[in-house]
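Notes follow once the structure below has been shown.
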Protein chains: 2
Amino acid sequence: MSEADVKELLWRNPLFMSLPDAALDEVLFASKLRKIPAKTTIFHQGDIPKEMVALGNGIVKVWQMRSGGATATIHVLGPGDLIGATAVFGRLPLLATATTVTDCVLLSWAVALTHDLMERFPVIRLNALGYVSLHAEELVQRLGEMATERVEQRIARSLLRLADHIGLAASGGVEIGYPLSRQDIAEIVGTDLYVVSRVLHDWTDRGFIMAGRLRIILCDRERIEQIATEGR
Amino acid sequence: MSEADVKELLWRNPLFMSLPDAALDEVLFASKLRKIPAKTTIFHQGDIPKEMVALGNGIVKVWQMRSGGATATIHVLGPGDLIGATAVFGRLPLLATATTVTDCVLLSWAVALTHDLMERFPVIRLNALGYVSLHAEELVQRLGEMATERVEQRIARSLLRLADHIGLAASGGVEIGYPLSRQDIAEIVGTDLYVVSRVLHDWTDRGFIMAGRLRIILCDRERIEQIATEGR
DNA sequence: CGCAAGATTGAAGGACATCAAAGGGCGTGG
DNA sequence: CCACGCCCTTTGATGTCCTTCAATCTTGCG
């Protein structure tokens with residue numbers, strides 16, 4: 001990956017938008033680039049983060065191991081997303097573990113350096129505030145859904161979000177852009193893989209989706225949106 | 001309420017901590033103070049906020065009306081908390097309605113003014129970033145709980161949070177500092193008032209709490225924490 | 001005292017979780 | 001290249017937690 005490519009990554013990152021070119025160069029110079037394989041843990045739940053990480057390429061899952069052995073997936077991140085940002089910005093311990101799902105390209109900055117950059121280039125802090133605020137609003141939305149909606153509805157919402165966030169155009173619809181098992185979906189919506197299997201099968205019969213092994217294509221977005229909002 | 005009192009409010013507010021005295025005066029001068037009665041709506045779900053609001057005194061409930069008629073309570077705010085902060089900082093529409101539970105004293109700043117103050121006093125923006133980050137982490141935690149835990153466990157967690165946040169010392173324990181019905185708790189944890197009633201009654205029998213009409217006192221914090229973490 | 005709002009309690013039903021077992025893809029190694 | 005084995009998926013049966021409905025009881029207040 002060339003320096004120009006990395007600069008392109010930065011340029012499109014929500015944190016560094018509207019940054020003057022000279023400043024961008026400095027951020028670039030201060031960054032550390034690394035590639036890591038799938039199923040590698042970047043941050044561990046409970047740790048104090050030592051660096052701020054931006055995802056250049058690949059998919060990262062942010063999840064919690066909870067008492068009783070259950071695991072909850074908090075977020076599925078794609079290119080451009082920040083990892084552990086709230087912990088770094090708030091100087092807080094991490095509440096979740098971040099693990100790569102696919103091979104990934106990461107950009108990182110040591111915590112002190114991150115704060116230093118924000119101090120020197122106020123636009124970055126402005127962007128950070130906007131990013132975290134947006135993130136918080138999404139969490140509010142999901143909390144409301146979790147509190148009031150049924151499993152089928154929540155599955156619909158999750159798939160729509162995944163499609164919008166990391167979806168790929170496919171023949172006959174939008175495909176979720178990474179291997180996604182029934183278990184994975186279950187951990188996102190807070191249920192078990194059996195319920196997910198039944199729901200997806202039902203939707204397949206009705207022609208809303210095409211579901212394969214580790215693979216889901218949304219065919220009829222309208223109908224899925226209908227399920228997401230109306231519940232049936 | 002005297003000017004000195006208001007300044008005291010600001011001084012303790014998470015957004016204006018570590019602010020030089022002169023700057024604090026300016027913030028104070030730019031602020032608008034108002035008192036509003038209980039059960040008044042401050043922000044409406046879906047609106048674009050016109051001002052940033054800090055809660056000086058009283059209790060405010062932040063809640064969503066959801067399709068199907070269900071309502072979910074996102075947050076119960078007490079003195080010092082910000083209302084609609086993420087929407088203002090992220091220039092986003094509000095995802096929830098904010099309604100006063102008790103009579104309240106509010107401090108507010110027009111949106112443009114808020115951004116202007118942050119621009120001129122970078123410490124405020126730094127504080128804002130920390131505040132929103134902390135808020136986001138709490139939401140992550142609650143999302144994980146909602147996804148994996150049973151109702152009784154979630155009730156325990158809610159009561160502990162309420163006690164820590166707006167609890168008052170009472171004879172025999174900590175009392176939740178405002179009128180709180182079974183229905184209110186149900187909307188916080190995502191269930192119905194009947195389940196809440198049964199659980200609270202059970203806890204009363206076991207001596208963990210004292211539950212009255214619109215009134216709850218936590219007697220045995222240890223045991224409630226145990227329920228919150230272990231599930232029984 | 002009587003009313004209204006909150007709280008309790010029982011019964012019945014439904015959505016979901018759990019357990020068990022069998023049926024496919026897909027990669028790997030013989 | 002085929003067969004084996006692993007992992008993902010499906011499907012049924014069963015149990016339970018929770019929701020819903022209905023009715024009664026309590027409490028505080030006008």
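Computed from a prediction, not measured in an experiment: that's the story for all the values here. Order of the sequence lines sets the chain letters (A, B, ...), proteins ahead of strands, with each chain counted from 1.
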_Any donor-acceptor N or O pair under 3.5 Å, side chains A/Gln183, A/Glu187_ = yes
*Rounded to whole angstroms, how far apart are CD on A/Glu152 and C1' on C/dC16?*
13 Å
*Check every strand shown and say whether B/Val195 touches a base, only sugar-phosphate, or nothing at a heavy-atom separation below 4.0 Å.*
base
*What is the distance, rounded to the nearest whole Å, between atom CZ of B/Arg154 and atom P of D/dT19?*
8 Å
*For the helix from C/dC1-D/dG30 to C/dG30-D/dC1, what is the angle between the axes at its two ends, each from 5 pairs, rounded to 10°?*
30°
_From CD of B/Gln153 over to C1' of D/dC18, roughly how many Å is that when rounded to an integer?_
15 Å
*Is any side-chain N of the basic residue among B/Glu175 and B/Arg215 closer than 4.0 Å to the acidic one's carboxylate O?*
yes
*Find the distance A/Asp192:CG to D/dT10:P and express it as a whole number of Å.*
13 Å
_Separation of C/dA17 P from A/Glu187 CD (nearest whole Å)_ = 13 Å
*For the residue pair B/Trp203 and B/Phe208, does the interplanar ring angle fall in the parallel (under 30°), tilted (30 to 60°) or perpendicular (over 60°) class?*
tilted
*asked:* Any donor-acceptor pair under 3.5 Å linking the side-chain atoms of B/Ser197 with those of B/Arg182?
replied: no
_Exercise: do B/Trp63 and B/Gln45 side chains pair donor with acceptor under 3.5 Å_ = no
_Whether the B/Asp81 and B/His165 side chains hold a donor-acceptor pair (N or O, under 3.5 Å, no angle test) is what I'd like checked._
yes
_Contact letters for nucleotides 1-9 of chain C, in which S counts primed atoms plus P, OP1 and OP2 and B counts the base, heavy atoms under 4.0 Å_ = ----BSSBB
_Regarding A/Gln141 and A/Glu137, do their side chains bring together a donor and an acceptor under 3.5 Å, going by distance alone?_
no
_Quick test of your reading of the model: are A/Arg34 and A/Glu51 salt-bridged, counting only N-O distances below 4.0 Å?_
yes
